[in-house]
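Notes for the one structure printed next.
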Amino acid sequence: MGIYAGRTEQPKLNKQIMTYEEMAARAREQEKNQAAKPKVQEIVKDKVTFSEEGLKSAKEMREYLNENNLNFNRLHMVDFEELDKQLRTKNMDYSNNFLTEMQEVINEERKAWGSEAGEHSFDNSMALTTKAYQVVHDRIVDEFAREDRDTTYVIDEVTGERREETVEDRLAELGMAYDRHTTFVAASKKAMAQIKEAFGGVKSPEKPEDVEKKTKEAYMEAVSEKNLERARQKVSSFMGYRPELSLGTYWEQILAKIW
């Protein structure tokens, strides 16, 4: 910018450089011409075609790549599928999870039934344990019955191969958890019988080993299908969950005293 003849103006040092006014005028002219043009949507069609011989050659090439494991797109898909299966393969000890879940159910039952379920006794222990097992058992069955359930996998103990997990697999894990828990309880009742005899002077009418055996038998019979069905029924008293056992009055009295 400079001062020429007493006024400010843009020096035209290069005639090819347009002034602002010239550029604005050209832009307005272009907009006017563009608006006057009809709006026509152009459709471009792909005119490329393949001969029958070309299609056949492409098919043969795909088959060749697949048969010789050279189709890398397909191999990547297989890898992704295998990774997905690995992520959904059981790699935890469900036994501990089920023990925790059963204890949560027991706590809920005690809260719901109050003093009826709070007393520490043989009868209450049988009713609480049976009900807890039945609730967790039915949750597993319901999960595997859902159509929207994601498929899970396990490593087969016999073949060592990955296979789809079944409801039987999961129930077997629950069975292991229950067996672990009841084995501990039975052993504790054996020890209790020994302690009462050694320090309390109360001799058990049966050997502590037999007390342990009968306790274990009682817990296993408590989760028979007959008793699980009984636990599913609506009851008016907590003792309605008490399983029917074939121990007999004699052994039930012995176990009740030890509890």
Side-chain angles (χ1 to χ4, degrees), residues 94-142 168 170-259:
Y94 278 123
S95 296
N96 286 326
N97 291 350
F98 286 142
L99 285 173
T100 300
E101 191 174 358
M102 282 192 288
Q103 186 59 53
E104 290 173 352
V105 175
I106 288 174
N107 294 339
E108 290 171 1
E109 291 298 319
R110 282 177 172 156
K111 183 178 180 180
W113 292 97
S115 59
E116 278 193 75
E119 181 184 353
H120 185 69
S121 66
F122 172 70
D123 284 346
N124 275 356
S125 178
M126 288 289 104
L128 284 168
T129 308
T130 303
K131 184 60 180 174
Y133 182 95
Q134 174 260 312
V135 170
V136 179
H137 175 283
D138 290 358
R139 285 175 181 173
I140 295 172
V141 174
D142 291 342
E168 288 78 16
R170 193 70 65 83
L171 290 176
E173 292 281 353
L174 173 61
M176 290 174 59
Y178 185 79
D179 181 73
R180 181 192 300 178
H181 172 67
T182 55
T183 295
F184 170 78
V185 174
S188 69
K189 298 311 170 186
K190 171 187 174 182
M192 191 173 294
Q194 293 170 328
I195 291 172
K196 283 188 175 182
E197 183 174 336
F199 299 99
V202 181
K203 183 174 177 60
S204 174
E206 297 292 341
K207 296 178 181 180
E209 292 78 10
D210 292 335
V211 170
E212 179 183 27
K213 179 181 178 182
K214 287 296 182 180
T215 301
K216 180 67 176 180
E217 289 176 358
Y219 275 109
M220 298 312 295
E221 186 178 2
V223 293
S224 65
E225 188 54 46
K226 177 187 70 175
N227 281 318
L228 290 183
E229 189 58 38
R230 178 184 174 89
R232 294 185 183 103
Q233 306 304 314
K234 184 177 180 180
V235 296
S236 57
S237 169
F238 181 70
M239 276 301 101
Y241 292 140
R242 206 304 198 159
E244 296 180 348
L245 305 174
S246 58
L247 285 174
T249 304
Y250 173 73
W251 267 106
E252 288 198 16
Q253 288 177 347
I254 291 176
L255 295 182
K257 289 180 180 179
I258 293 175
W259 238 263

Taking R232 first and then E225, would you say they form a salt bridge - that is, a charged N and a carboxylate O separated by under 4.0 Å? yes
How far does OG1 of T130 sit from CG of L245, to the nearest 0.5 angstrom? 7.5 Å
Please determine whether a side-chain nitrogen of the Lys or Arg among E173 and R170 lies less than 4.0 Å from a carboxylate oxygen of the Asp or Glu. no
Separation of N107 CG from K111 NZ (nearest 0.5 Å): 10.0 Å
When rounded to the nearest 0.5 angstrom, what distance separates NE2 in H137 from CZ in F98? 10.5 Å
Strictly below 4.0 Å, N to O, side chains only: are E206 and K214 in salt-bridge contact? no
Between Y219 and T183, do the side chains contain a donor N or O and an acceptor N or O under 3.5 Å apart? no
Can you tell if the side chain of K190 reaches within under 4.5 Å of the side chain of E209, non-hydrogen atoms only? yes
Can you tell me which residue pairs pass the side-chain hydrogen bond (donor to acceptor under 3.5 Å, both in side chains) test with a partner in residues 237-246, sequence neighbours excluded? E116-S237, D123-R242, E221-S246, R230-E244, R242-E252
Take atom CZ of F199 as the centre, draw a 6.0 Å sphere, and report whether it contains more than 12 heavy atoms from other residues, nucleotides or ligands. no
Could you tell me whether a side-chain N or O of T182 sits under 3.5 Å from a main-chain N or O of D179, the two making a donor and an acceptor? yes
Closest contact, heavy atoms only, A117 versus E109: CB-O, 4.2 Å
If only atom types and distance count, is the side chain of S125 paired as donor or acceptor with the main-chain N or O of F122 below 3.5 Å? no
Measure across I106 and A132 and return the closest heavy-atom pair with its distance rounded to 0.1 Å. CG1-CB, 3.8 Å
Separation of I140 CD1 from L174 CG (nearest 0.5 Å): 4.5 Å
Who pairs with Y178 by ring pair (Phe, Tyr, Trp, His ring centres under 6.0 Å), at least two apart in sequence or on another chain? Y133
Knowing that exactly one of L128, N124, V235 qualifies, which makes a side-chain contact (heavy atoms from CB on, under 4.5 Å) with W113? V235
Please report the closest heavy-atom contact between A231 and K131, naming both atoms and the distance. O-NZ, 2.9 Å
Quick one: does any side-chain atom of E119 pair with a main-chain N or O of S115 as donor and acceptor, under 3.5 Å? no
For the atom pair OG (S204) and CD1 (I258), what is the distance rounded to the nearest 0.5 Å? 5.0 Å
About how many Å separate OG of S121 and CG of L255, when rounded to the nearest 0.5 Å? 12.0 Å
For A222 and M126, which heavy atoms make the closest approach, and how far apart are they? CB-SD, 4.4 Å
